[in-house]
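First the structure, which I've put down as structure tokens, then a few questions once you've had a look.
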Amino acid sequence: MKLFAGLRAFFRERYQLGALADLATHKTVPLHRHTFWYYWGGMTLLLIGIQFASGVLLLLYYRPSAQEAFESVRFIMTKVQFGWLVRSVHAWAAHLVIFCAMIHLASTFFLKAYRPPRELTWVTGVLLFFVLLGLGFTGYLLPRNTLAFFATKVGTEIAGVVPIVGPIVQMMLRGGSDVTDVTLTRFFWLHIAVLPLALLGVVGLHLVMIQLQGMSKPLSVKTDRAMPFFPHFFLRDLVGWAVVLGVVLCISVYWPATLGTKADPFAPTPAGIAPEWYFLWMFQTLKLFPSHVLGLEGELVAVALTGVAGLVVLLVPWLDRPARQGRTHWLVWAAGLIGMTYVVGMTGYALWIGHHP
Amino acid sequence: MCPKQFLTRRAFLRSLLKGGVLALLGATLYPILRYLYPVKGAESVVTSVAAAKVDELAVNTAKIFRFGNRPGMLVHTPQGELKAFSAVCTHLNCTVQYDEDASVIWCACHNGKFDLNGQVISGPPPKPLESYQVNVRGDDVIVSKASV
């Protein structure tokens, strides 16, 4: 204890730690019937931490080449002690981080937390979500199994559909005109360097904004009840973290990640090919879209509509004009509900079709 | 009377500084973007390939073969003809397969279907499959791209 007190005094003398402690003790969190939704951001943050830690561990054995990628992942899962666990945690936490981010995004939308002055907190949150999707997409290819290989072919082909910039982006992603060894290297580079750096930057901004502005209170809440961030909210947050950690470990132990078969670029695409669940709604939309709409290629229209939807989500704080004046409007609520129902419905439909071809 | 100054020294220096920063940014970003752009390898252009042996394919079966960097499909139709196509679906680049029960070419990714002339029957593919010429030379089935 003496050593601990000594260390504390050492740092307090040299750095302004008092200011940091003041910030933590003075910060409060609104207390009302929707407080539950505040915990989802913290859980997303924990899962991002788990992804960094497990990703760093996987890097020790993973080899990013078309010849060795599949074998190196198999080596991790079968020979390295607890390798199966590390990979399973990385794979499952990747699903959960996107799930938590989705819940966080949806709850922030319906509680209208994007109202002024928190527009940019929303924008950084949406960008963060896009970066997480990018990490999911690039990480999917890395084991270079059959599913991942063809999903990447389709995914990068979709990028190429966008007029003018599409073919350049596709070329940059693939490193050539087709999905080859070069694509794997590029996806690896994006997955372990570019996107994590972007993620750190955007998460940092998002957190600083929340610290500076505090947490938003929904319009329907009229009370000023609040609890101190430290230790009250922090300890509750820790309970959420413990639950998330428990869930990740349980799923990883009882349903370890599988590897599938090694990709053969000259084999037909097998039936039942599908992207990760969070892209399924788009996959199903592409499947159902007619080949031509108003003289345009169907896939171009579908991709353009998805792009517009992404842009609308990003600009919600400015599009929801009533919320800017402190009012709610049923139309915004309905639009959110329709969008969410479409994504959930299409995902469910794709999953159902997958099991009942 | 002092003539109205067209450009003050401060404005001139400010523009010079802004221009300098822009030039520096350009000089930094240009090589990075060029670096990121894939190197064009000397891809050999394959126009003809021996796809199979004459007696290799039973009637109403098909085979995927390498045509340069891309997969091709040789089909022995129920009518006994040999036909060849690009095996790359025109929708989103998946590799198609032959459905022997329905005698159609099928893409598992988005359920696109093509007939044995490569024409779209149903599903999202916007264009027919690219067809190739098929010739038998000795024991080999030679598939070639149609000369333009």
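Lettering of chains follows the sequences in order, A, B, ..., and the numbering in each one begins at 1. These numbers come from a predicted model, not from an experiment.
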**Study point:** Side-chain touch A:Lys153/B:Cys94, heavy atoms, less than 4.5 angstrom
**Key:**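 SC-SC contact between A:Lys153 and B:Cys94 ruled out.
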Review point. Are any of the side-chain heavy atoms of B:Arg70 and A:Asp178 separated by less than 4.5 Å?
Key: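 Of all side-chain heavy-atom pairs linking A:Asp178 with B:Arg70, at least one is under 4.5 Å.
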Point to revise | Heavy-atom closest pair, residues B:His91 and A:Glu157 | key: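 It is O-CG, 4.3 Å.
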**Study point:** Toward chain A, the part of B:Pro125 with a non-hydrogen atom under 4.5 Å
**Key:**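 Contact with chain A involves the backbone of B:Pro125 alone.
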Practice item. Return yes if some donor-acceptor pair links the side-chain N/O of B:Gln97 with the main-chain N/O of A:Thr269 below 3.5 Å, else return no. Key: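 Confirmed, B:Gln97 side chain pairs with A:Thr269 backbone.
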Review point. By a 4.5 Å heavy-atom criterion (distance strictly below it), what part of A:Ala151 contacts chain B: side chain, backbone, both, or neither?
Key: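 Neither part.
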Point to revise | More than 12 heavy atoms of other groups within 6.0 Å of B:Leu25 CG | key: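 Atom CG in B:Leu25 is crowded, with more than 12 foreign heavy atoms closer than 6.0 Å.
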Review point. What is the minimum heavy-atom distance between B:Phe65 and A:Phe266, and which atoms define it?
Key: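 Answer, listing the atom of B:Phe65 first, then A:Phe266: O-CD2, 4.5 Å.
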Practice item. Give, for atom OH of B:Tyr37 and atom CE of A:Met172, the distance between the pair rounded to the nearest 0.5 Å. Key: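 Reported value, rounded in 0.5 Å steps: 7.5 Å.
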**Study point:** Option that, when pairs with chain B are counted at under 4.5 Å, heavy atom only, ranks first among A:Leu286, A:Val182, A:Leu288
**Key:**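 Option with the top pair count is A:Leu286.
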Review point. Taking everything shown except B:Phe12 itself, do over 12 heavy atoms lie less than 6.0 Å from its CZ?
Key: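 No, not enclosed.
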Exercise for review: Check each atom of A:Phe283 against the heavy atoms of chain B and say whether the ones under 4.5 Å are side chain, backbone, both or neither.
Suggested key: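 Both backbone and side chain.
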Review point. What distance do A:Thr180 atom OG1 and B:Asn69 atom CG have between them, rounded to the nearest 0.5 Å?
Key: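 It comes to 8.5 Å.
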Exercise for review: Spell out, as yes or no, whether a donor-acceptor pair under 3.5 Å connects the side chain of A:Arg186 to the backbone of B:Leu36.
Suggested key: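 Yes, A:Arg186 side chain to B:Leu36 backbone: donor-acceptor pair under 3.5 Å.
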Review point. How many angstroms lie between atom CG of B:Asn111 and atom CD1 of A:Ile353, to the nearest 0.5 angstrom?
Key: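 Spacing of CG (B:Asn111) from CD1 (A:Ile353) equals 8.5 Å.
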Point to revise | Minimal non-hydrogen separation, B:Pro38 against A:Gly176, with atom names | key: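 The answer is CG-N, 3.9 Å.
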Review point. Considering all heavy atoms of both residues, which atom of B:Cys109 and which atom of A:Val154 are nearest to each other, and what is their separation?
Key: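 Looking at all heavy atoms of both residues, the shortest contact is SG-CG2, 3.8 Å.
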Exercise for review: Decide if the gap between the ring center of B:His110 and the ring center of A:Phe289 is smaller than 6.0 angstrom.
Suggested key: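 No, ring centres 6.0 Å or more apart.
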**Study point:** A:Lys287 side, atom NZ; B:Leu92 side, atom CG - distance, nearest 0.5 Å
**Key:**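 A:Lys287 atom NZ to B:Leu92 atom CG measures 12.0 Å (nearest 0.5 Å).
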Check your understanding: Looking only at heavy atoms, what is the nearest atom pair of B:Pro71 and A:Pro265, with distance?
Key ->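 B:Pro71 and A:Pro265 have their closest heavy atoms at CG-O, 4.4 Å.
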